[in-house]
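For the numbers below, each heavy atom of this structure counts, side chains included, while hydrogens, waters and symmetry mates do not.
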Amino acid sequence: MTEQSRENQAPRPVPSRFLVSKSTLRFDQFMTSSIVFGGLAIIVAVFAIFAYILSQVMPLFKSASVDKAADFTLQGDQAALVLGVDEWSELPFVYRGGAQLEYRDVQGDRGVFKEELEIPEQQMTAFRYSPKNEMLALGFESGEFAIVNVSYEPIFKEGVRTIEPKVETILEGDFEMEGYSVIDIGYGATEEERIVCAVLRNAAGETQVVAKTFEQTSGLMGPGELEEKDSFDLTQEVPSGAHDILVSSSADSVIVSNKAGKVTYLFYEDEEFNKRQVFQPFEEGFARMDYILGNVSVVFTTSTGEQETYSLYLKKGEKNRTFGKTKSFPSVGVSPSFFVPSSRNKAFLVGAGNTVSLRYNTTERIRWEKELDFEPRLAAIDGKYKTIWFLDTEDQLQQFKIDDPHPDAGLKAFVGKIWYEGKSEPEYDWQSTGGSDEFEPKLSLVPLFIGSLKGTLYALMFAIPIALLAAIYTSQFLSYKAKRIVKPTMEIMASLPSVVLGFLAALWLAPIMEYRVPSFLLCVVGIPLSAIMVGYLWSQLPSNIRNFFEGWEWLVVFPVLALASIILWNLGPAAEQLLFKIKEYQILAADGSLLEVVQGAGVAKEKIALLADEGVQATYQLLGNVQGKDGRAVADFTLWWSKQVSLGAYDQRNSLVVGFMMGFAVIPIIFTIAEDALSNVPSSLRAASSALGASRWQTVKEVVLPIASAGIFSAIMIGFGRAVGETMVVVMATGNTPVMDWNIFNGMRTLAANLAVELPEAPKASTHYRALFLGAFVLFILTFTVNTIAEVLRQHLREKYKIV
Amino acid sequence: MLKFRSKSPKGEMNIWLTSMGLTVGLVMIIGLFSLIVVRGLHVFWPKNIATYHLKEDAKSKMGPNAVLSAIEVKKVQKKLAGAEEGPAEFQIFIGNKDVYGLPFKFLPEAEIARIEYEKDVMIVERLEYGDAILKPVELMLEDGTRIKAGSKNFIEKLHEAVEIGTDRRLDILKIEKGKIGVVSDKIANLKDDIARYHYHAKKKGTDPSEKVAKAHEKIEKLESEFATFSGEARDLHELQEKAILSYRLASGQEKSMPVAEIVEFALPNQLNFSGKVKSFAHSFWGFLSQNPREANTEGGIFPAIFGTFMMTVLMSIAVMPFGVIGAIYLREYAKQGPLVRIVRICVNNLAGVPSIVFGVFGLGFFIYVVGHGIDDFFYPWREGRPTWGTGGILWASLTLALMTLPVVIVATEEALAAVPRGVREAALACGASKWQMIQRVVLPTAAPGILTGLILAMARGAGEVAPLMLVGVVKVAPSLPVAGSWPFGMDQKFMHLGFHIYDLGFQSPDAEAAKPMVFATTFFLILLVVLLNLGAIRIRNILRKKYAAGTF
């Protein structure tokens, strides 16, 4: 057949014995598509983990969105003074200064209706409404006052919930100041006591500050009447021209400001008022001061709209908490028209002109700010932090929905230093849940991250030397026979469940370690030294004996090390006697008189610093045979560490224990990968080196190690990844306290352990829950990146030496 | 003659240093295993009971407890506040929690006048209050016969009585768990039906009262059945109180207890070596096969073993097909290029992502998204009583399957890659389609490798605890996570060996008393994991040999 004819001829049909049956082809087609689909689906699913966790984290970084929902008309003849709303945002009310509350039913069909107030028939001159406590305090021209509880009650009828208003005057009284009328009033309550404080002014402009306390008598049927107990004149305590007054709802502090902007902080305790502090937030004075939720922080707003938060905290050298500036906010523009604290979190809403701004105190962030197309005169936030109500100049109620599920989150909350309420300075802290509603969650991931790094660092410090030395020895010097047993043995170590390691660390190792730190330290130093010593002595032996054990050195080392560790372990107490004696010191005043005897130089130093703060000059010296007292010394490492070194306390469950036990998890990983990298160094290179006369060690040092270095590095990286994510060992073998220090003898709280401890209790989709997801996300990214770098390095190395 | 190497070669010392690394590593691992094996098995070994007679001056302090029968746990050198060695103390196990309160006690060596080992001291494992160490006085059988301790057939009779009690306990259990359990399940189902009727009726606007009334009728009937069964159980319980063993503590205090309370008893001081071995095997088996008691600090670990087993099996079922399909796709079907290389690296690295992160994902996705979704869609009337929207063995298994998926994919890929090209080409040349080639040639050849991957995944999954804490493991599960009808118990919470260790060591009221149990449980967990790993290594070695011989 010629070429020509072949071209012209149509291809012959395939003989039927070569034909594939249709069903086979179809099945093949089917399998191909399903495997491609399945494979892709699995790969997508694997990456969906990342996407899902990210999707759970993202809402944390969104700012609030507030949108108008509806408006409602009111029908009042006077300007409204107070706007309030129930928890469900169904029945807002306004108070216009008379003896009536005006409710507006926005859910049902009740429209506008009024409730009578049982209050003195006088001209109302002062009012203060606390939405959190549902208390309306009113002061009158005559010097009388009334405290009205404006609450709501949900009533269920045939499965339908309606909100009923409940108005009750719980306290009525008279400050009994002839010619004075109330210009500001505050109210606070404890279990047994009620306090009403007020600023009063007469026609001449003279002011008086008075307080009255009432006692809850116990009647036959539950709590009885409130009886007046005491009356205080606080005028002398405060600078003249008192203007505003705030009383904390727990009735322990009273804050009075005057026209010039001087603020006096009075503390009420044991039936008397003590002046604690006088301070001036703004030089030029301020327009208003308001508590935010929790009554620990006061926000001062100036007439130009600047805002600063002052919180109660313990200053250095002081015994009582006083106010200090902790936050400042950018200006809202003009003088504020209203200030509404949220009764669910530390947010507050401030309005000035047409501008309204929703701010969050903890993070010092503006959640939402907008110039509205109307001028809001009053505002209210419902108890769920879901709705804002504005009352505009036209007497229109405007309802705005807030979508801000995570006001306390944000980048600053997670990585920034924050001045939390009650703390003496800005700090990183993780404390996600607290006892009360007023608790300020502390969500900094920094201490957790530091904790993770701390645990990892100590684990690696212990694991890297052992794993790498073992890998070098196994790959380069160990006899082949032994290697076949040694490698799997080390690999099995990798499969030890971490819960077992954690249990051993906490219940077995930690109690032993507590008394044996010096022994342990001796072993850490002594065992390598003894190995080197054996090596030195061995190399002095004649070569025929030496060479006999080539590849089996570890068998020779074994008994020596066993002996060394037994000796060193038992030398521990002696070393403790020698090195870690803690002595007693005496602290002497400047005139040489003995102030105190303390244990340890560290404690003595701290004491002196403390005394210096109080203005007492003191020195310390070893307690000798002075003043009939003998200086005692005790040898105890744990005591020595916490008192002499003063780096921090000694915890039984500490980083050393964790590091040692985590070593069991990390050593085999580093060992296996490093050993692979070292074994993969082409033997031709080693042979070449030996042929040039290099000794075994020289070959390893100069040829093998440099070539395998990238592989060894990647081994360490993967070990790092494993240690960072280790959960159970840390959960069980540390105290799980978030700390920021690197003290090896106390614990830490790691990202991973934090997840295991807190996630089961975190309510779904809460800030806490999402913050934990953020922790998981950080862990994911961290380990994934580290592993990727390691993997790329390894592959690179493999490619590089493939050809050789 | 030339003399080589008269001096030692350079750097020889460093080699010894490296050998130290290996030695320390090996000692660590061997030491750890020995510790667990020794401490874990020691728990089951019968120990002699010593009777401590205290000195006169201690007697005034201790009162009637100046004589104590106890098992020595360890001797400790008490440390004072300082480093001075304090006096030596014995930590002893005195048992009898009902009398002494705490089962452990520290006894200063100096206060002990003498120690003796009495032949007739008995250790009794009870259903409540842990072990009792006692001297039997008299046994009263159910028929009222009294047998004095020391008489010939006393031990024999006691054995019989204990056996009767145990059998009856099983009968009671059968009634309570079996019959009563079935009835209460039925009642629960009917109540659920009622909720469903109400829900549907409300949705459709119909009147459910007829159906509801019927269901209520059924419930009433079942409740009367329930009462009959409880009556039966109560009668048996009463019978259990009849046989009484009266005994005396070392202090001379007389007490008595129903024989039915006794799980087991032994006279360790009378046992010879073979007797001890027998007793060892007996308690070993008891530990494996019994349910835990007394907040997990007594009894056995059977539910934990079963839970671990079930979870591992479910996980394997889930991970195996997906892992293999993923690997086949990556190795055989996907176009090899930079993209696939990146995917491969990523999949590989996923194995290094901390297990807790998978737990977080499992909780967030499986439970909150999928589980809640199923509940809302299929059981909308069960508001507040989540069926799938809470932790359970299915979610736990899926979470672990996801965690071990990279392990299986990587191992399978390696196994597939190791199948020689020649074999594939031969198959194709013979006319096999691609799938036929994979199915008949590649997969069988790679099977051991895939199996290795699966075993490694199982070993990792079986030992993992952290993610399980988020997705459904519990301290005490009311029943085993298996059932005869849909959903076959897969929505149930379960117990797990690893979590059992965590729980015993850290959440139990008496950590010291729980310690032996923790060691024993640890021993079994380690045994399981190591056996799985050894299996994997063995398969790998066989595989290597096979391929080593197979290359031309």
Report which part of I718(A) has an atom under 4.5 Å of a heavy atom belonging to chain B: side chain, backbone, both, or neither. neither
Any S433(B) side-chain heavy atom under 4.5 Å of L25(A) side chain: no
Honestly, the part of M493(A) sitting under 4.5 Å from a heavy atom of chain B is both
Check whether any side-chain heavy atom of V465(B) sits under 4.5 Å from a side-chain heavy atom of S498(A), and report yes or no. no
Quick check on V786(A) against chain B: is it the side chain, the backbone, both or neither that has a heavy atom closer than 4.5 Å? neither
Contact part of I49(A) toward chain B, heavy-atom cut-off under 4.5 Å: side chain, backbone, both or neither? both
Could you tell me whether the side chain of D28(A) and the main chain of W435(B) form a donor-acceptor pair under 3.5 Å? yes
Would you check if T18(B) and T474(A) make a side-chain contact, meaning some heavy-atom pair closer than 4.5 Å? no
Measure P488(A) against the heavy atoms of chain B and call it side chain, backbone, both or neither at under 4.5 Å. both
Kindly check if the number of other-residue, nucleotide or ligand heavy atoms within 6.0 Å of CE (M533(A)) is above 12? no
Assert yes or no for the condition that the ring centre distance of F37(A) to Y329(B) is strictly below 6.0 Å. no
Side chain from CB out, backbone as N, CA, C, O: work out which of these in L555(A) comes under 4.5 Å of a heavy atom of chain B, or both, or neither. neither
Less than 4.5 Å to any heavy atom of chain B: does that hold for the side chain of Q795(A), its backbone, both, or neither? side chain
Please state whether the side chain, the backbone, both or neither of L751(A) comes within less than 4.5 Å of a heavy atom of chain B. neither
Would you mind checking which part of L537(A) comes under 4.5 Å of any heavy atom in chain B, side chain (CB onward), backbone (N, CA, C, O), both or neither? neither
Are the ring centres of Y368(B) and Y769(A) closer than 6.0 Å? yes
Between F558(A) and chain B, with a heavy-atom cut-off of 4.5 Å, which part of the residue counts as in contact: side chain, backbone, both or neither? both
Under 4.5 Å from a heavy atom of chain B, the part of E553(A) involved: both
Would you please indicate yes or no on a ring centroid separation below 6.0 angstrom for F361(B) and Y52(A)? yes
Go through the atoms of T788(A) and report whether side chain, backbone, both or neither lie under 4.5 Å from a heavy atom of chain B. both
Whatever's closer than 4.5 Å to a heavy atom in chain B on A48(A) counts as backbone
